[in-house]
There are 2 protein chains.
Amino acid sequence: MTPRRTDALSRERIVEAAVRILDEQGEGGLTLRAVTDRLATGRGAIYHHVANKDELLAAAADDVVRLGDAPIRELALAVFDAIDAHPWLGAQLARDPAQPAVLRIWKGVGTQLHRLGLTGTALGDAGAALVNYVLGAAAARRAPDEAARKDYLEALAAQWAGSDPDPVVQEAAALLSEHDDRAQFLAGVDIFLRGISG
Amino acid sequence: MTPRRTDALSRERIVEAAVRILDEQGEGGLTLRAVTDRLATGRGAIYHHVANKDELLAAAADDVVRLGDAPIRELALAVFDAIDAHPWLGAQLARDPAQPAVLRIWKGVGTQLHRLGLTGTALGDAGAALVNYVLGAAAARRAPDEAARKDYLEALAAQWAGSDPDPVVQEAAALLSEHDDRAQFLAGVDIFLRGISG
DNA sequence: ACCTGAACACCGTTCAAGT
DNA sequence: ACCTGAACACCGTTCAAGT
């Protein structure tokens, strides 16, 4: 008569629970205890389906990065939007360059750049540049919601402007608090594409 | 007659000890206990000089990122070389976009791009693109030494090549294990600069 | 084979007590 | 004011014991 799970545990269900916890409570909220509580199971059960917490995080990221066959600009935007929807994702993608989600991004970028006619070293250099840019931009986006992010940027700009009378710093600080993240991200992609074709 | 420190504790000495521990043992080696052991002091003493571990990490990164007034290519290379000398630095720079070391990189990039004639939104877009690229490339470099990194990339390329018969993937995998990191990093910077001026 | 939950070996941080 | 070190409230991971 004790309340018990009816469905068996599985890697899928564990990853699903992890994603939900990450979305609701952020990186700090994902503990093995939170996962086992949500799944109403014992601590050690997780380790029958996932090697450790790092693998669980990588699996959660992989679950959430979905890339179609779209051209390069849309592909970059898809990564951007995934991070927008899951604020913990940026930090996770930056954490391990060998995780499945990152390899998938590499593959997508490589495929699209190849279609643009790049091969050999030029393809490798351009691919690395674009992937590093996308992941760098990803890691920089980590405020939980747009309002908090705006507050943060404004506070940062104020602090920054106050710390240095240099007019260049002043101008940069102003831009920091006013820019549109998504537009600026795309502007960066376009700089890249110009640099590649030019 | 107990052996005691003769010199007083200070933020400087604490940060110095943290940098040395990070260099010797990597991110995982930096615990408050390791720091207090090395300084032969009590656990709580640290908190009189540093707010918490995050601030200590940010201070260590700031201590190690030294940028001169060199033009943009050299400035980017200086960041690259700092990460080469301190493998933990890449992950740390990616961790918090508001930390002093990152703000200093922003300022340097902004200044140099301004000298190239950029202003307003163009300056902001180009600056963000370049900083994100540099930090993304930084985060991706995290193997302790060159030999281990080479091993890692070769293993990754093999795994990758084995996972997908697509010729694009095969080509990318080959490039992955053969390229020169430093040269590829500079190639990325040059793609950027072409994209900006083009 | 899969699951349980107590136990282990760690953490960062706090705080009463000392100097 | 600065420092000490025990105590606190957590972690991820393991493992004997159950089904």
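Only this structure's heavy atoms are used, side chains among them; waters, hydrogens and symmetry mates stay out.
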Within a reach of under 6.0 Å around CD of E12(A), are more than 12 heavy atoms found that belong to other residues, nucleotides or ligands? no
Does some side-chain heavy atom of L93(A) sit less than 4.5 Å from a side-chain heavy atom of W88(A)? no
Tell me whether the rings of F192(B) and Y133(A) are parallel (<30°), tilted (30 to 60°) or perpendicular (>60°). perpendicular
Using a strict threshold of under 4.0 Å (side-chain N to carboxylate O), is an ion pair present between D81(B) and R182(B)? yes
Short N-O contact, R11(B) and E16(B), less than 4.0 angstrom: no
Judged by atom type as modelled, is there a donor-acceptor pair below 3.5 Å linking the side chain of Q112(A) to the main-chain atoms of A70(A)? yes
Mind calculating the distance between CD1 (I46(A)) and C1' (dG5(C)) to the nearest angstrom? 13 Å
How does each nucleotide of nucleotides 6-19 of chain C score, in 5' to 3' order, for protein heavy atoms under 4.0 Å: base (B), sugar-phosphate only (S), or none (-)? B----BBBBB----
Salt-bridge test for D190(A) and R73(A): reply yes if a basic N is under 4.0 Å from a carboxylate O, no otherwise. yes
Output the pairing pattern of DNA chain D as a dot-bracket string, 5' first, Watson-Crick or G-U wobble with both distances under 3.5 Å, | for cross-strand pairs, [ ] for crossing pairs. ||.|||||...|||||.||
May I ask you to verify if any side-chain N or O of H49(B) is less than 4.0 angstrom from the OP1 or OP2 atom of dC3(D)? yes
Scan L186(A), V189(A), L75(A), D181(A) and name whichever one has a side chain to side chain contact (heavy atoms under 4.5 Å, CB included) with F80(A). D181(A)
